[in-house]
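Note that the structure is predicted; figures quoted are calculated from it, not measured.
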Amino acid sequence: MADRDTITALVDSLPTFDQTWKAPPRATYETAYDKVLADGADAVAVVIDLISEVDNGEDYKARKLLHNLAVYTSQPAKIKQRPIVAESLAKALGEDRPWPVKRYLIQTLQVCAAKEQSAAIARFLNDENLYDYSARALLAINDGVAPHFRAALPKSEGRARVTIVQALGVLCDSESAGAIGKLVGDDDAELGQTAVWALANMNDASAVDTVIKAIGKADGFARYQLVDAGLQLAERLVEANKKADAARIYAHLATADAFERHAHIRDAAKRGLETVR
């Protein structure tokens with residue numbers, strides 16, 4: 001078990017901030033990293049406990065050490081030690097800590113977390129202070145995280161819901177297409193537009209009617225954004241050899257009265273039609 005006083009002294013011994021920005025020798029830091037890792041999760045926990053709620057610079061050595069441990073153990077030569085850091089951070093997230101501290105822990109996990117830590121991070125997808133950081137960290141993991149976003153969607157609201165829908169679109173999670181399709185046309189215009197974009201990014205032919213309908217109902221700048229989403233969906237469908245479905249989108253954009261005076265949209269749609277004939 002790591003001695004708290006020893007680890008605290010190690011953190012304090014790190015080089016003091018130099019106004020000249022001249023970095024100390026790399027070995028100075030790596031020696032400290034190796035000492036912490038040698039003492040295992042208990043030592044990492046001590047460093048975590050040194051992170052204060054208010055980021056006023058007084059704990060910068062602990063913050064720097066924790067972040068650099070995440071980077072250090074992500075390099076191939078140290079990858080076997082990465083779970084020591086990642087699991088310690090994930091465990092700390094489940095403890096009673098101020099949200100600004102948890103924010104820093106999640107940001108650090110974004111550097112080093114793997115699938116095994118995704119559940120601990122996903123707990124904060126609907127936290128008003130942490131949803132964005134949680135989503136970013138999960139997307140950095142990528143592997144197997146879609147179910148977490150899917151599970152969080154029904155309970156979400158406001159900006160957190162927009163973020164979750166966007167993430168599901170980034171992940172091209174077709175299993176969430178049904179739930180996201182219900183959000184198209186939502187009173188929250190940003191949510192509705194994000195839902196259309198997410199569907200377009202999923203390469204799901206069943207979304208064609210939904211996207212076309214959304215384009216027809218929108219106006220102003222929102223319509224242009226939805227047109228971009230429609231063209232994106234059409235391109236993905238062509239790549240998937242679903243040309244008939246793509247043709248329906250192109251045909252709508254090429255002939256709809258709403259785009260009679262928008263030659264650039266009609267021209268793009270006509271060029272698209274030529275690719276599917």
Yes or no on side-chain hydrogen bond (donor to acceptor under 3.5 Å, both in side chains) for T108 and H67, after CA distance, side-chain angles and deciding distance? CA-CA 6 Å; T108 308; H67 171 78; 5.2 Å; no
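- With a 6.0 Å radius and a threshold of 12 heavy atoms from other residues, nucleotides or ligands, E95 has its CD atom above the threshold.
- Under the 6.0 Å distance and 45° angle rule, K64 counts as a cation-pi partner of Y29.
- Salt-bridge annotation for D245 and R248: present, with a side-chain N of the basic residue lying under 4.0 Å from a carboxylate O of the acidic one.
- In summary, the side chains of D55 and Y104 do not present any donor paired with an acceptor at a separation below 3.5 Å, with no hydrogens or angles considered.
- In K242, the NZ atom is crowded: over 12 heavy atoms of neighbouring residues, nucleotides or ligands sit closer than 6.0 Å.
- A salt bridge does not link R266 to E260: none of the charged side-chain nitrogens sits closer than 4.0 Å to a carboxylate oxygen.
- Atom CD1 of I249 and atom CD1 of I215 lie 7.0 Å apart (nearest 0.5 Å).
- The backbone N or O of A152 lies less than 3.5 Å from a partner atom in the side chain of N126, making a donor-acceptor pair.
- Residue F149 forms a side-chain contact (heavy atoms from CB on, under 4.5 Å) with just one option from L171, T163, V165, and that option is L171.
- Salt-bridge annotation for K102 and D127: absent, with no side-chain N of the basic residue lying under 4.0 Å from a carboxylate O of the acidic one.
- Using cut-offs of 30° and 60° on the angle between ring planes, the pair H252 and F259 is perpendicular.
- Checked by atom type and distance alone, the side chain of S88 pairs as donor or acceptor with a backbone atom of I84 at under 3.5 Å.
- A salt bridge between D39 and K35 is absent, with no side-chain N of the basic residue lying under 4.0 Å from a carboxylate O of the acidic one.
- Ion pairing of E30 with R26 is present here, as a side-chain N (NZ or NE/NH1/NH2) and a carboxylate O approach within less than 4.0 Å.
- In this structure a side-chain-to-backbone donor-acceptor pair under 3.5 Å is present from Q117 to A114.
- Taken to the nearest 0.5 Å, the CD1 atom of I7 stands 9.5 Å off from the CG atom of L50.
- A donor-acceptor pair under 3.5 Å is formed between the side chain of K61 and the backbone N or O of L14.
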Apply ring pair (Phe, Tyr, Trp, His ring centres under 6.0 Å) to the pair Y224 and H262, showing each step before the final yes or no. CA-CA 10 Å; Y224 295 129; H262 300 281; 5.5 Å; yes
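- D5 and T8 share no side-chain donor-acceptor pair at under 3.5 Å.
- Counting only N and O atoms by type, the side chains of R161 and S156 include a donor and acceptor under 3.5 Å apart.
- Checking each of N201, D204, N203 against R236 for a side-chain hydrogen bond (donor to acceptor under 3.5 Å, both in side chains) leaves exactly one that passes, namely N201.
- Under 4.0 Å is where a charged nitrogen must lie from a carboxylate oxygen, and between R63 and D59 at least one such pair does.
- Counting non-hydrogen atoms of neighbouring residues, nucleotides and ligands closer than 6.0 angstrom, the CZ atom of R97 exceeds 12 such neighbours.
- When atom types are taken as modelled, the side chain of S118 and the backbone of K115 share a donor-acceptor pair closer than 3.5 angstrom.
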